Student: 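Right, I'll just put the structure down here and ask away after.
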Amino acid sequence: MNYWLFKSEPDAWSWDQQVAKGEEGEEWHGVRNYQARNNMRAMKIGDLGFFYHSNIGKEVVGIVEVCRESSPDSTTDDPRWDCVWIKAVEPMKRPFTLEDAKVMPGLEQMVLVNNTRLSVQPVTKEEWEIIRREGGL
DNA sequence: GCCAACGTTGGC
DNA sequence: GCCAACGTTGGC
């Protein structure tokens, strides 16, 4: 079991829209970055992730689960790009902000804090548990 | 809206 | 294979 973080601008695709997709989930399409793609290729069904709102909010708003492993991105014919599907599991009771992450002991090494531009990133078990707890779950 | 950080592209 | 130019992301 591995843990991840998915960034989305809520203007483009929000947590509420993700929740509305229910059990079927949604293809996490549109990623055009090798590192982010490689992270998705490493994912297994059942892996969990944080759903993070970038730009507006700048906070983790919920937890998602990988429900389909990496397959070709339906929004391009370019064979380099594929992606997973994710479904909403539960919302955070309290959103966990980027600001929180910057000052929270134990999150100094977190990718979210140190590589702001990576849109699909790994999260360690320790980081996962801290943020989950701080989110009231 | 600006701009720093980073990734990608393409000329050499 | 290097690196300048350019494009994009995302925090502020």
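In the text below, chain A, chain B and the rest are named by the order of the sequence lines, each starting its count at 1. Remember, it's a predicted structure, so these values are computed and weren't measured experimentally.
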Student: Could you tell me whether the phosphate oxygens of C/dC12, OP1 or OP2, come under 4.0 Å of any side-chain nitrogen or oxygen in A/Lys102?
Tutor: yes
Student: I'd like to know if A/Arg117 reaches the base of C/dT8 with its side chain, counting only an N/O donor and acceptor under 3.5 Å.
Tutor: yes
Student: For A/Arg32 and for A/Asn55, locate the closest nucleotide of DNA chain B by heavy-atom distance; then report the residue assigned to the nucleotide nearer the 5' terminus.
Tutor: A/Asn55
Student: Rounding to a whole Å, what distance do you find between A/Glu9:CD and C/dT9:C1'?
Tutor: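 In whole Å, C/dT9 C1' and A/Glu9 CD are 8 Å from each other.
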Student: Between P on B/dG7 and CZ on A/Arg37, what's the gap in Å once rounded to a whole number?
Tutor: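 Nearest whole value for this atom pair: 14 Å.
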Student: Give a yes or no answer on whether the side chain of A/Lys125 reaches the backbone of A/Tyr3 with a donor-acceptor pair at less than 3.5 Å.
Tutor: no
Student: For the pair made of CG in A/Leu5 and C1' in C/dG10, what is the distance, rounded to whole Å?
Tutor: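 My rounded result for the distance is 13 Å.
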Student: Quick one: does A/Asp82's side chain have a donor or acceptor within less than 3.5 Å of a partner on A/Arg37's backbone?
Tutor: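 No, the answer is negative, given that no donor and acceptor are paired below the 3.5 Å cut-off.
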Student: Counting only side-chain N and O atoms of A/Lys7, is one of them less than 4.0 Å from OP1 or OP2 of C/dT9?
Tutor: no
Student: May I have the distance from A/Asp11 (atom CG) to C/dT8 (atom C1'), rounded to whole angstrom?
Tutor: 16 Å
Student: Does a side-chain N-to-carboxylate-O contact under 4.0 Å join A/Glu23 and A/Lys87?
Tutor: yes
Student: State which of B/dC6, C/dC12, C/dG10 makes the closest approach to the side chain of A/Leu98.
Tutor: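 In terms of side-chain proximity for A/Leu98, the closest of B/dC6, C/dC12, C/dG10 is C/dC12.
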